Amino acid sequence: MLHLFNTLTGKREPFKPFEPRKVGMYVCGVTVYDYCHIGHARSALVFDVLRRYLEYSGYTVTFVKNFTDVDDKIIKRAHEQGVTCETITKKYIEAYYEDMGKLGIRRATEEPKATEHIEEIIRLTEVLIGKGLAYVVDGDVYFHVAHYPAYGRLSKRRLEDLQAGARVEVDERKRHPMDFALWKRSKAGEPSWASPWGPGRPGWHIECSAMSIKHLGETFDIHGGGMDLVFPHHENEIAQSCGATGKEFARFWVHNGFVQINQEKMSKSLGNFFTIREIFAKSDWPEPVTGEVLRYFLLSTQYRGPVDFSDRAVKEAKNALNGFYDLFERLKEPNGSEEKGDGVLAAAVEQATASFVRAMDDDLNTPMALAALQGLRGDVNKLLEKGLSSRGRTRAREAFRSLGDVLGLFQLHAWQFGDASAGAASSQAGGATDEQAALTDEEIDRLLMERREARAQKNFKRADEIRRSLAAQGIMIEDKPDGTSRWKR
RNA sequence: GGCGCCGUACCCAAGUGGUAAGGGAGCAGUCUGCAAAACUGCGAUGCGGCGGUUCGAACCCGCCCGGCGCCUCCA
């Protein structure tokens, strides 16, 4: 059974959904005013994998991930560029789909936007005012934390402690320094909606309460997001939601750790961040390969810990992945009619699956799950030496494919691998085989043919020349026992 | 000032009381025209340091050292 670390209780707990076989999960998405960086990718990936694993485990998952499309930063950006907020949000929502798509992040079941839930937000705010948990000041509405005794439950903070360190200028109109805005009066030129308190726009936290309740109900199973959202965002969400409904809000709170650069948090203020598109643009590998390499890299650390991003770490992920794709290539090739390995294959797959599930059940321990896959790789390689029937080889590939699918790995039909006969397939997969690569797959195949001739005539000088010139362009040749060769970038 | 996290081999990273998973890199060997891949073997008597609890600790407790995060928009 899946165990998840629940920020609310501070413990690793067995995960049982509210309704059997069904899971409702809400994850805070992004504020769409800029391109996503690798940190956003990690968060999206963690919850994409959690969703995939829940589905693999037999649950029907309703996965809601929002876009914050009204916010100070968006307004600021729109003013700077002299365009409307919609222009900004539309652009970055599209960019989000494009970038996350390259990483194999699946779309959520629902992807609501704050601006499409103004009615729900206003209604929720009215309820809070009615219950004495919120008050109106000059067209602004604030949540009154002092009237909500459980405030601080998630982040384990006490109001007194927060005040001691508060470095924020206190708004005199607020009754308590930690009171936060549910509704903000609009200034001229800002997006604005009519409300009982005058024209205005929602505060940041209220949208998530309104949207999660609308799409998942008042109580649901999992609420996720980055660690930095624990306070104040999620704390405030709990206060608003529980305050309004009087019921439990999310049962499990799951938070992912940061991506770091040189042991430091990656953030805009430090200027040490890398956008996803920048990473893809710089990569020498075809786009699908880069996407999978980034996935492997991000999953090589358990989601709650920090993960340090570096060229070296990414290269290591690529190398580790190479081993799998080399094996998949070999599994496709004829291997005689031997089948001495078939007998133990089933047991090896079963054992690896058990280890994989055990790892994932343990708070999504993806490094351990990857180790299980690596173990199977070793086992299958050994069996291949003994000889696997074509049925056995197909079975092995299916095992990698179905387990890999949980992590979003191993789904490429042909990576950048291919032999003479598979050249066409590899060019399909490599969408970004691209500008600087002087050689097309066809040219490579032609050179390979020439090299094969040369080798047949024991003209090794010419054969090595071809190998060297291809290597200079980043193309590796591997000779197979039958005299043909496969290549990879 | 408050709350919290982390420190395991050259690098990444599991392990949370029973005697150190896995990957990458490296070295040696088998195979190969060469190379790559694959396979075999090597690789931390030690898990930041010092004490303590225990038959037994990387794992529990205490102190110390070092790094980081949150408390302000932030995945």
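Here is how names work: the chains are called A, B, and so on, in the same order as the sequence lines, proteins then strands, and each is numbered from 1. Computed from a predicted model, the values in this text were never measured in an experiment.
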message = Students often get this wrong, so: under 4.0 angstrom with heavy atoms, is A/L370 touching a base, only sugar-phosphate, or nothing?
response = nothing

message = Please classify the nucleic acid contact of A/V27 as base, sugar-phosphate, or nothing, using heavy-atom distances under 4.0 Å.
response = nothing

inquiry  = Counting the atoms with a prime plus P, OP1 and OP2 as sugar-phosphate, which does A/R467 contact under 4.0 Å by heavy atoms, base, sugar-phosphate, or nothing?
reply    = base

task = Answer yes or no: does a side-chain N or O of A/T301 lie under 4.0 Å from OP1 or OP2 of B/rA13?
result = yes

inquiry  = Applying a 4.0 Å non-hydrogen cut-off, can you work out what A/D464 is touching in the nucleic acid: base, sugar-phosphate, or nothing?
reply    = base

inquiry  = Quick check for you: among B/rC34, B/rG69, B/rA38, whose closest atom lies nearest to any side-chain atom of A/E385?
reply    = B/rA38

ask   = Hey, does A/F258 reach any base, or is it just sugar-phosphate, or nothing, if we go heavy atoms under 4.0 Å?
value = base

message = Counting the atoms with a prime plus P, OP1 and OP2 as sugar-phosphate, which does A/H255 contact under 4.0 Å by heavy atoms, base, sugar-phosphate, or nothing?
response = nothing

task = Quick one: label A/N319 by what it contacts on the DNA or RNA (base, sugar-phosphate, nothing), any heavy atom closer than 4.0 Å.
result = sugar-phosphate

query = Hey, does the side chain of A/R377 come within less than 4.0 Å of B/rG24's phosphate (OP1/OP2), counting only N and O?
reply = yes

query = How would you label the contact of A/A320 with the nucleic acid (heavy atoms, under 4.0 Å): base, sugar-phosphate, or nothing?
reply = sugar-phosphate

task = Could you tell me whether the phosphate oxygens of B/rG22, OP1 or OP2, come under 4.0 Å of any side-chain nitrogen or oxygen in A/N365?
result = no

